[in-house]
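Single-structure report; data block below.
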Amino acid sequence: MGSLLFSQDGRTLAAGSEDGTVRLWDLPSGDQRGELPTGTDELVGELVFSPDGRSLAATNKDGEATLWDLASGHRRSVPLTSQTSKVVSLAFSPDGKTVVSGYQDGTVGLWNMALPGTAEAIEQICRALRRDFTQEERSQYLQGMRTDPVCPR
């Protein structure tokens, strides 16, 4: 067994294991809530919950870091790692909008965790696509929010 950490509300226990998986346990019921793979089979080191309990970050023995959105169980694509040094510590800012990663070489990284609102996210996607959403994309990503054209012409 690697690390253990209680969420701030005391309802969830995160357990990092030797196989590179973080297991989440619901404490009131005692049931396992899910598994979060780090993408490696290395021992999970440090674990840290965001202040609102909606995200979890972990380091592994190789000095890599992973960040998950706990509602979906998906990894967030925030590059908490460095090309030149191993991650040895992680912390969320009190407002949860920044993650600080400490590296073995004594440097520190600051990572913006703020997610865009729905309108801002749609605008960013439209700019990247340079076209409107297809009907399939609307049903998959907007789930009943809009059926009319999404992206301005």
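Index from 1, following the sequence.
- In plain terms, the two heavy atoms of Pro51 and Gly96 that are nearest each other are CD-CA, 3.7 Å.
- Between the side chain of Asp132 and the main chain of Cys151, a donor-acceptor pair closer than 3.5 Å is present.
- With hydrogens and angles disregarded, no donor-acceptor distance shorter than 3.5 Å links the side chain of Ser101 to the backbone of Leu90.
- Side-chain atoms of His74 and Trp68, non-hydrogen and from C-beta on, never get closer than 4.5 Å to each other.
- Using a cutoff of 4.0 Å between basic side-chain nitrogens and carboxylate oxygens, Lys61 and Glu18 are not scored as salt-bridged.
- Nearest heavy atom pair, residue Ala58 against residue Leu47, reads CB-CD2, 3.5 Å.
- At most 12 non-hydrogen atoms from other residues, nucleotides or ligands lie less than 6.0 angstrom from CZ of Arg130.
- Between atom OG of residue Ser50 and atom CG of residue Asp95 there is a gap of 10.5 Å, rounded to the nearest 0.5 Å.
- In this structure, Arg75 contributes its side chain and Thr38 its backbone to a donor-acceptor pair below 3.5 Å.
- In this structure, CG in Asn60 is found 8.5 Å from CG in Leu43, a value given to the nearest 0.5 Å.
- When side chains are defined from C-beta on, Val48 counts as touching Phe92, because their heavy atoms get closer than 4.5 Å.
- Residues Leu27 and Gly10 approach most closely at CD1-O, 3.3 Å, considering heavy atoms.
- Tested against Glu46 for a side chain to side chain contact (heavy atoms under 4.5 Å, CB included), the candidates Val87, Thr59, Leu5 yield a single pass: Thr59.
- Looking at Ser85, its side chain never comes within 3.5 Å of a backbone N or O of Tyr103 through a donor-acceptor pair.
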### Task
Test Trp25 against Thr12 for side chain to side chain donor-acceptor pair (under 3.5 Å), laying out the working first.
CA-CA 6 Å; Trp25 299 89; Thr12 303; over 6 Å; no

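- Here the CG-CG distance, from Leu24 to Leu56, works out to 6.5 Å after rounding to the nearest 0.5 Å.
- Glu42 and Asp62 get closest at one heavy-atom pair: CG-OD2, 3.3 Å.
- Atom CD1 of Ile125 is separated from atom CZ of Arg131 by 10.5 Å, given to the nearest 0.5 angstrom.
- Taken from CG in Asp69 to CZ in Arg54, the straight-line distance is 8.0 Å, to the nearest 0.5 Å.
- Residues Thr21 and Glu35 meet the side-chain proximity criterion, which asks for heavy atoms closer than 4.5 Å.
- Considering only heavy atoms from C-beta on, Trp111 stays 4.5 Å or farther from Leu67 through its side chain.
- Hydrophobic clustering keeps Phe49 apart from Phe6 (ILVMFWY residues linked when any side-chain heavy atoms are closer than 4.5 Å, directly or through intermediates).
- Across every non-hydrogen atom of Gly73 and Leu36, the tightest pair is O-CD2, 3.8 Å.
- Although no hydrogens or angles enter the test, the distance criterion places a donor-acceptor pair under 3.5 Å between the side chain of Asp9 and the main chain of Arg11.
- Cluster membership for Val99 and Leu70, using ILVMFWY side-chain heavy atoms within less than 4.5 angstrom, is not shared.
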### Message
Assess the residue pair Asp105 and Thr84 against the criterion (side chain to side chain contact (heavy atoms under 4.5 Å, CB included)); give the C-alpha distance rounded to whole Å, side-chain angles, the decisive distance to 0.1 Å, and a yes or no.
### Response
CA-CA 8 Å; Asp105 66 3; Thr84 59; 4.1 Å; yes

